[in-house]
Structure formats: structure tokens, C-alpha cells
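Report on the following structure.
None of these values were measured; they are calculated from a predicted model.
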There are 2 protein chains.
Amino acid sequence: MISIKDIAKSLGVSPSSVSIVLNGKAKEKRISDTLASKIIEASERMGYFPNQAAVSLRTGQSKTIGLIVENISNNFFSFLAKTIEDEVRMFGYNVVYCSTENDAIKGSELIQMLYNQQVDGYLITPALGMEPDIKKLVDRKKPVVLMDRYFETLNLPYVLADNYKGMRDGMEMLIKAGYKKVGFVTNDLDLIQMNEREIAYKEVLTSAGLLIDEKNILRLKYGFLKEEAVTTISDFVKKTDIDAIFFATNYIGIYGLESIRNLKIKIKKDLGVICFDDHDIFSLYTPAITVISQPVREIAITAVRILMGELGLLKRAKDLHIHLPTELIFRNSL
Amino acid sequence: MISIKDIAKSLGVSPSSVSIVLNGKAKEKRISDTLASKIIEASERMGYFPNQAAVSLRTGQSKTIGLIVENISNNFFSFLAKTIEDEVRMFGYNVVYCSTENDAIKGSELIQMLYNQQVDGYLITPALGMEPDIKKLVDRKKPVVLMDRYFETLNLPYVLADNYKGMRDGMEMLIKAGYKKVGFVTNDLDLIQMNEREIAYKEVLTSAGLLIDEKNILRLKYGFLKEEAVTTISDFVKKTDIDAIFFATNYIGIYGLESIRNLKIKIKKDLGVICFDDHDIFSLYTPAITVISQPVREIAITAVRILMGELGLLKRAKDLHIHLPTELIFRNSL
DNA sequence: CTGAAAGCGCTTACAG
DNA sequence: CTGAAAGCGCTTACAG
């Protein structure tokens, strides 16, 4: 590994001059143009690249972002991860990813690990219970941007879909289409984005003059295996008399499609189906499933932009609490 | 941030003793038990965590693995990433991910970036043309394990599915089921795993006494947008008289299903369908699609095990060229 | 059994 | 306009 010292020695100048020039501060520090160009030429010829560990130790900047998601293998999060990667790369940043699996203990360890690694900023889709650890980060002046969900008690930047409005859109369309008994299948996590969807579900029912029947709401245990989930949804559909079903997330919707298929129920004719969050499966399924699509790409881009603002690489955003509009994609399931 | 010096000062001992104890070398360096336990107690009480940048600079070990995939947002790779994350975490490692998008120029930059970041080891699904950059890594004594594909000219550890055998299995089943004109839709990347699939496709045809008709092979341009791919496959199906179609990857298969649906062709009755690599969509589709499933989890686990061997954290593997068996999952499309 | 010192590669305040 | 020196936080060879 060739170092600044090597370049300095080969040119008979001091390492500090080399450092200054390579950091683009030649003008500022009034290094002569001749010396500057000699240094640049030599560094290229010798194939010099800075040792990030040394830079990091010295400056406290690692040029690395920590990305904490629920599960990197999940569609939504891996797509988020890809956009984040592309966006931060434009600022010269790498990203370290971690999956919490919605476990606060694990999330806490991951934050500690990223902290030790000296990551410069954090993009987090927090699990319930990670609040204190995230607060600690903020206390230590680390920039944090939350995605997909947030804590009402923590005044932090966040970016997510407008879950309330998106859910309202979907529900209103169901009501307008004449459905009267809409089932809702969600998970049992007390996360803000899920809660907002549920609130909208209930509000639309109420304002349409329909009753909220708790029996029509199914809360799937998070961490259910596929088979358990599919069976539970089947049982739920069988024992209620709903005429439409709203799946609160795409993975729940995928399980739900399997349940419905197993029950040999005809989608649209026997049961209207709609899902929050799109997925390749939904457009390919027969019939294609109507969804509320989340602006995943925009969530990632916006979160990165805010984070770069906090890191001083971009103008600081004024608005730090962002709800991005969802899109109702009408297909063939209602 | 509290440092080793702070602990040393608070205890009135030297920083070296603290370092030795915290690295578990108390016995080896014959530090007294009393001092050792005092140091451990203090470090916990004060909430000490090592600054990884400093450790990295000093030891040359960053405790970070570089993961280079084709595209982190793709199902196969994000699942790979999740397993890798879990596996390396057990050794105290983090992982930085990058997507090449099958672009060698980008891949080259990413490798340089990871190298500067001082990652300890590399897990790479290489794009065509990354050979020289990977070779440079090896020359610099960096452990590298290739996944999903490899270079025949580079004697490096690799782990992938047994593409040849998997494809044979699928083709033999098609032949046995009586199909005579099997179409093959692949991409135009000259990657080893794709080549092996094509070789097996041709060999089975030949040994079944059937002709290889180049018109029955479609090579989709990598980077095709969804619409282009769907249309191209539709045109291909229309102008050939194939009785079955073998999709060479899951994303091609997903496009293909859409093409077939657009053409209003009946799967199984009019056209047998099989795909290399499974996906949620295939089991949910009507009819469910028969696939050759890759052992993604095992690929990740094995690759990590080999890498940890190279890093000296595990017994070094003897066998460094691993072809893992695929599984034929028979469903309803033939 | 323990401490002082050197050094990993870099940046920056300071001196000239 | 340029260089020598200090120091980021750690580890390790060396001295005692």
C-alpha cells in the first residue's frame, strides 16, 4: 500500500504538502502550481489511494453510512437499499447494512456496532423499542434519518409514505365500489405506519356510516412462518362474512393470495382484494391485484438528501418530516 | 467517546495494560487477575467500546466484509445478502454492499472503494470484465470468494449452484414428459453460470436425438426494460413452434409469464413452462410453475465459511470449488 | 508482572 | 510558499 509519505519522499517534499494538495486545498494553503501538479502527477503514477482507516481516525469521518432495515431480503427494503446505495455513492459514501428482524435487542447491538465502526450517519427503519438507542445516537450528535416509520416522542427527521392518506384512498374506493364489510389483515407490531393504516381503515368505515367490527380485523403475529400465516388468514376469511379484504402489507397480501386460492374463493366475484404496497406478484396474478403503491424510490432519495444535509454536504432541508404520496394502482381484483 | 487512555487514567495504570486485558491477552501477557478484573469492570462501567478506525489502522483489520453483487434489489442477491449478514455477524463482521449492475467499469470502482475502506475480505458475484481487478486484489493478498459465477482463468475459491446438473434435470424431465421442441430464453451475458445452463440444454437435446435449433434460443439483452423484454419474448414465442419453454433465470421467467399471458396461451396445455431459479411468484401463479431451485442459503453459508477460513477464523476449507445441488420443484406447468 | 515508546497513515495548526 | 510536529486511538515489541 503506497502512502503519502512515499509520494513525499519520491518528490523530496513534505508529507503535509502532499496531503494538502490531494485534498484540493493547494490554492487555499498557497502551494505553488508547479508543486501541486507534480504531486498530483506522482500520486496518479504511483497509484495512490488514501487509507480510509487513517483518514477516519484523523478526521472522524468514515465516509460510510449505516443502513438499518427490518430485513434486507425483503423486497421493499432491498429496493430501498439499492436506491440508497446509488444516492450516497454520488457523495462518495459506502453503506453498511444490518437487519433488525424487528428485534429491539438486535437493533441495539447493531447500532452499537455501527457506532464503533464510526459510520458518519444513520438511515434507520426502526423496530419498536429502539427508541433509547436511537436517542443516544442523537445525543452523541450523530445524524439520523428514520424511514418507513418513526417515533412520535423523538423529534427526528423521517421520511415515509403517507400511510393514512393512502389507506383512505383505498378504503374510499372500496366503499364507492359498494363493498360493505371490509376485512383488514395487518400484523401485531405497534408501529406507526401500521397504526396509521388502521386508523384510516376505521375512519373511512365510520364516515361511510358502517360499523367497525373487530372480528373483521386480523392481526398476524410478526414472525409467523408462511404456513401459519396462510392458515390463519384462511380461517379468518372462512369465519367472517366479509365481502372485501384489505391486506396491510405486501408480504401479508402474498400470504393472503395463497389462503384465498386454497379456499377456492373467486377474487372480485366472491371477495374484493386490495393490498397496501405493491409487488411484482400483484401485477402478474390472475386477476391482477389492486394496490396502494408506496414511493419507495422517493423515500430513499429524500432520506439520503436529508441525511446529506445533516452531514453538511447539501443545503440543510427545512422540512424534516416528510409524508410522500402513495398511488392507487387499479387492477382487476375489485 | 471514551478511550483506552481514559480507562487507564481512571485506574492509574498504563494504556497498554488496558489494551492487553480487553483483547483477552491478560493470561498470555501475565497481567495479574486483580488488575485484569479491575480493568474489565471499569471498561464496562464507563461504557468503553473500541474505535474501529484506530484498530483498523493499527492492525490492518477492519472487521468488515465487502459484498459485491449484481443488484442488491434483486431477490436472489438480497436473500444472499441476508444470509451473508447473519453468518459473518457471528464472527463479529459487518458487511458493506455494492451493486455492479453487470458493469465492469462500475465494478472496478467499487473494488477500489472497498479496498480503500480496508475491508478484510471480499464476497463477489463478478460481472464480466472484472477479472483484472479481482486478480489485483488477490495479488495484494486479499481473500476473495466468488459466488454464483467464476472465472475459469482465475484459480479462486467459488461457490455456486450446479447449473449444468440442474439444467440437465429440468431438460430430462421435459423430454420424458414428451416435449420435443423446447425453447430456451436466456440473456446475452457471457457468464459461466449461464453458459453451463445452455450447454446442458443442448446436450440433453442431442442425447435425446433431437435437433438443436438456434431459432429456438432467445438471448435477451441484459438491461432490457421490462416492456422490451416482455415484447421480445412474445415475438419469440409467436414465431417459433416450440411446445415448451425453459426460462434461464427467474427474472426472465417473470417477464415470460407476462408475455405468455398477453398472448393468451394456455400454460401446460399449449406450452410447457419451466424456470431456472425459484421465486415467490412461481408458486403462487396459476398454474404454479415448475422450477429448478437454487440453494441460495447454502451458497451464502458456504461462501462465508470459505472466506472465514481464508481469514484464519475457521479451519481452511480443502475444497474451494463448490457446486451445490439444485432441486427440481415440480408444480403444475408441464 | 507492568509501563513507556513507537508507529499505523493521515490532517492541521503552527512556525518560518 | 513550504516543512516539522503533534495527535487521532489503538497495539505490540521492548525494557525493566
Side-chain angles (χ1 to χ4, degrees), chain A residues 1-40 42-43 46-64 92 115-120 140-141, chain B residues 1-40 42-43 46-64 92 115-120 140-141:
Chain A
M1 185 109 180
I2 117 118
S3 75
I4 269 188
K5 243 196 218 158
D6 299 325
I7 300 178
K9 212 177 289 170
S10 89
L11 255 35
V13 301
S14 95
S16 22
S17 304
V18 178
S19 170
I20 287 166
V21 170
L22 295 181
N23 282 309
K25 298 187 178 166
K27 287 269 169 300
E28 183 184 325
K29 296 282 177 175
R30 286 180 277 154
I31 302 272
S32 67
D33 286 356
T34 3
L35 215 206
S37 52
K38 265 204 286 188
I39 287 173
I40 289 171
S43 89
M46 299 171 74
Y48 170 76
F49 282 99
N51 178 327
Q52 255 304 135
V55 175
S56 178
L57 177 59
R58 179 59 230 240
T59 65
Q61 301 236 314
S62 64
K63 285 290 187 180
T64 299
Y115 187 76
N116 301 343
Q117 292 270 5
Q118 318 287 120
V119 304
D120 295 339
R140 291 167 171 181
K141 307 283 175 238
Chain B
M1 184 109 181
I2 116 117
S3 75
I4 268 189
K5 243 196 218 161
D6 299 326
I7 300 177
K9 211 177 289 172
S10 89
L11 253 37
V13 300
S14 96
S16 23
S17 304
V18 177
S19 170
I20 287 166
V21 169
L22 295 181
N23 282 309
K25 298 187 176 166
K27 285 271 171 296
E28 183 184 327
K29 297 280 178 178
R30 285 179 279 155
I31 302 272
S32 67
D33 287 356
T34 1
L35 216 207
S37 52
K38 264 204 288 190
I39 287 173
I40 288 170
S43 89
M46 300 170 75
Y48 169 76
F49 282 97
N51 178 328
Q52 254 306 133
V55 175
S56 178
L57 177 58
R58 180 58 231 239
T59 64
Q61 303 238 312
S62 63
K63 284 291 187 180
T64 299
Y115 186 77
N116 301 342
Q117 292 270 5
Q118 319 287 119
V119 305
D120 294 341
R140 291 167 171 180
K141 307 283 173 237

Checking Gln118(A) side chain against Gly60(A) main chain: does a donor-acceptor pair fall under 3.5 Å?
-> no

Ile4(B) CD1 to dG7(D) P, straight-line distance once rounded to whole Å | 18 Å

N or O in side chain of Lys25(A) less than 4.0 angstrom from dT12(C) OP1/OP2 = yes

Identify the nucleotide, in any strand shown, that forms a Watson-Crick or G-U wobble pair with dA13(C), with both distances under 3.5 Å; if there is none, say none.
-> none

Tell me: CG of Asn51(A) to P of dC10(C), nearest whole Å?
-> 6 Å

Between dA4(C), dA13(D), dT12(C), which nucleotide gets closest to the side-chain atoms of Lys29(B)?
-> dA13(D)

Partner nucleotide, any strand, of dA4(C) [Watson-Crick/G-U, under 3.5 Å] | none

Round to a whole Å and report the spacing from NZ of Lys63(A) to P of dT11(C).
-> 12 Å

To the nearest angstrom, the NZ-C1' distance between Lys9(B) and dC10(D) comes to 15 Å

Just how far, in rounded Å, is P of dG7(D) from NZ of Lys5(B)?
-> 8 Å

Ser3(B) side chain near dG9(D) phosphate (N/O to OP1/OP2, under 4.0 Å) | no

For Lys27(B) and dC1(C), give me the distance from atom NZ to atom P, rounded to whole Å.
-> 10 Å

Do Asn51(B) side-chain atoms and Ala53(B) backbone N/O form a donor-acceptor pair below 3.5 Å?
-> yes

Check whether any side-chain N or O of Ser32(A) sits under 4.0 Å from OP1 or OP2 of dT2(D), and answer yes or no.
-> yes

Met1(B) has an atom CE; how far is it from atom P of dG7(D), in whole Å?
-> 20 Å

Could you tell me whether Thr59(B) contacts a base, only the sugar-phosphate backbone, or nothing, with contacts defined as non-hydrogen atoms closer than 4.0 Å?
-> sugar-phosphate

